[in-house]
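Below: the structure, in structure tokens.
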Amino acid sequence: MTDFIQNTLQAAGPAAVVLFTKSYCPYCQRAKEELFDIGIAPVVVELDKRDDDDGAEIQAALKELTGQSTVPSAWLRGQHIGGSEDVHQGIEDGIFDDIPKSTGEEYADKSGVMPNGTDDGAPYNYITAK
């Protein structure tokens, strides 16, 4: 699963924001909404919506890589930045200020990742395929 994580980060692009989340998690929703509010469309991997039903394995691999066992697991420029509170603080500190506002969508389209079919009007890219 570490390969999936690294491949996702690489496919997302050098300036992209990637969130590994669960659809029902209020902290995940907060991180997504706060990023959208500043014009960033992150690439989102909804661990509980994966076609391969391997979300628990991916979350375990994320813990192995980062030491963080909870979601969201937020990444900026391929580096782990933390969870929901870290996204919030990062916004306040301006760490996302130089991120192009359409990076997530552009790189997700180029990477060939597949959306999970969620039609909720969300401004983020859901990844369900390997």
Side-chain angles (χ1 to χ4, degrees):
M1 287 299 112
T2 302
D3 287 344
F4 171 80
I5 295 165
Q6 295 302 328
N7 291 341
T8 299
L9 297 174
Q10 183 177 11
V17 177
V18 177
L19 297 175
F20 293 89
T21 69
K22 292 185 178 174
S23 62
Y24 56 83
C25 169
Y27 299 102
C28 299
Q29 189 63 32
R30 175 186 174 199
K32 291 183 274 191
E33 288 174 0
E34 287 188 350
L35 288 167
F36 177 64
D37 286 347
I38 62 167
I40 293 176
V43 173
V44 176
V45 179
E46 294 280 20
L47 299 177
D48 61 316
K49 300 287 186 183
R50 299 253 318 142
D51 289 342
D52 295 334
D53 208 23
D54 57 0
E57 293 174 46
I58 295 170
Q59 190 168 0
L62 286 165
K63 181 180 179 184
E64 197 173 298
L65 286 171
T66 67
Q68 176 185 322
S69 61
T70 58
V71 291
S73 180
W75 298 70
L76 174 62
R77 296 183 187 96
Q79 300 297 313
H80 183 250
I81 61 169
S84 177
E85 191 58 37
D86 301 295
V87 169
H88 178 77
Q89 189 62 50
I91 290 169
E92 287 187 1
D93 293 345
I95 68 170
F96 299 100
D97 289 354
D98 63 343
I99 299 298
K101 301 311 179 208
S102 62
T103 298
E105 291 172 351
E106 290 173 4
Y107 281 102
D109 289 344
K110 291 177 186 176
S111 72
V113 297
M114 302 295 296
N116 72 356
T118 302
D119 187 21
D120 60 3
Y124 11 89
N125 301 283
Y126 295 94
I127 299 174
T128 60
K130 282 188 176 184

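Values reported hereafter were calculated over all heavy atoms of this structure, with side chains retained and with hydrogens, waters and symmetry mates removed.
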Validation row: [X], [Y] side chains within 4.5 angstrom (heavy atoms):
{"X": "V45", "Y": "L19", "result": "no"}
{"X": "F4", "Y": "R50", "result": "yes"}
{"X": "L76", "Y": "I95", "result": "yes"}
{"X": "V87", "Y": "K32", "result": "no"}
{"X": "F96", "Y": "L35", "result": "yes"}
{"X": "I38", "Y": "I91", "result": "yes"}
{"X": "D54", "Y": "L47", "result": "no"}

**Report entry** With R30, the side chain to side chain contact (heavy atoms under 4.5 Å, CB included) member among P72, S84, C25
**Finding:**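 Considering P72, S84, C25, a side chain to side chain contact (heavy atoms under 4.5 Å, CB included) with R30 is found only for S84.
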Query raised in the report: Side chains of Q29 and E33: donor-acceptor distance under 3.5 Å anywhere?
Result: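 On atom types as modelled, these side chains qualify, holding a pair under 3.5 Å.
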Query raised in the report: In Å, rounded to the nearest 0.5 Å, how long is the span from CG of D93 to NE2 of H88?
Result: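 Atom-to-atom, D93:CG and H88:NE2 are 9.5 Å apart.
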Query raised in the report: Between atom CG of D86 and atom CD of Q89, what is the distance when rounded to the nearest 0.5 Å?
Result: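 These two atoms lie 8.5 Å from each other.
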Query raised in the report: Stepwise, does the side chain to side chain contact (heavy atoms under 4.5 Å, CB included) test hold for E57 with D52?
Result: CA-CA 10 Å; E57 293 174 46; D52 295 334; over 6 Å; no
**Report entry** Under 3.5 Å: donor-acceptor pair, side chain of Q59, backbone of S69
**Finding:**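 Yes; at least one donor-acceptor contact below 3.5 Å.
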Query raised in the report: Any donor and acceptor pair, going by atom type alone, linking the side chain of Q68 with main-chain N or O of K63 inside 3.5 Å?
Result: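 No; zero donor-acceptor contacts below 3.5 Å.
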Requested in this report: Begin with the C-alpha distance, continue with both residues' side-chain angles, and end with the deciding distance and a verdict on side chain to side chain contact (heavy atoms under 4.5 Å, CB included) for L9 and R77.
Outcome: CA-CA 8 Å; L9 297 174; R77 296 183 187 96; over 6 Å; no
Report task. Under the side chain to side chain donor-acceptor pair (under 3.5 Å) rule, what do E46 and T21 come out as? Steps first, then yes or no, please. Result -> CA-CA 5 Å; E46 294 280 20; T21 69; 2.6 Å; yes
Hey, is [atom1] on [X] packed in by over 12 heavy atoms from elsewhere, all under 6.0 Å?
{"X": "E64", "atom1": "CD", "result": "no"}
{"X": "D97", "atom1": "CG", "result": "yes"}
{"X": "Q79", "atom1": "CD", "result": "no"}

Report task. Answer with yes or no whether the hydrophobic clustering places F36 together with Y27; edges join I, L, V, M, F, W, Y residues whose side-chain heavy atoms lie under 4.5 Å apart. Result ->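 Cluster IDs for F36 and Y27 differ.
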Requested in this report: Please test I5 against F20 for side chain to side chain contact (heavy atoms under 4.5 Å, CB included), starting from the C-alpha separation and ending with a verdict.
Outcome: CA-CA 9 Å; I5 295 165; F20 293 89; 4.0 Å; yes
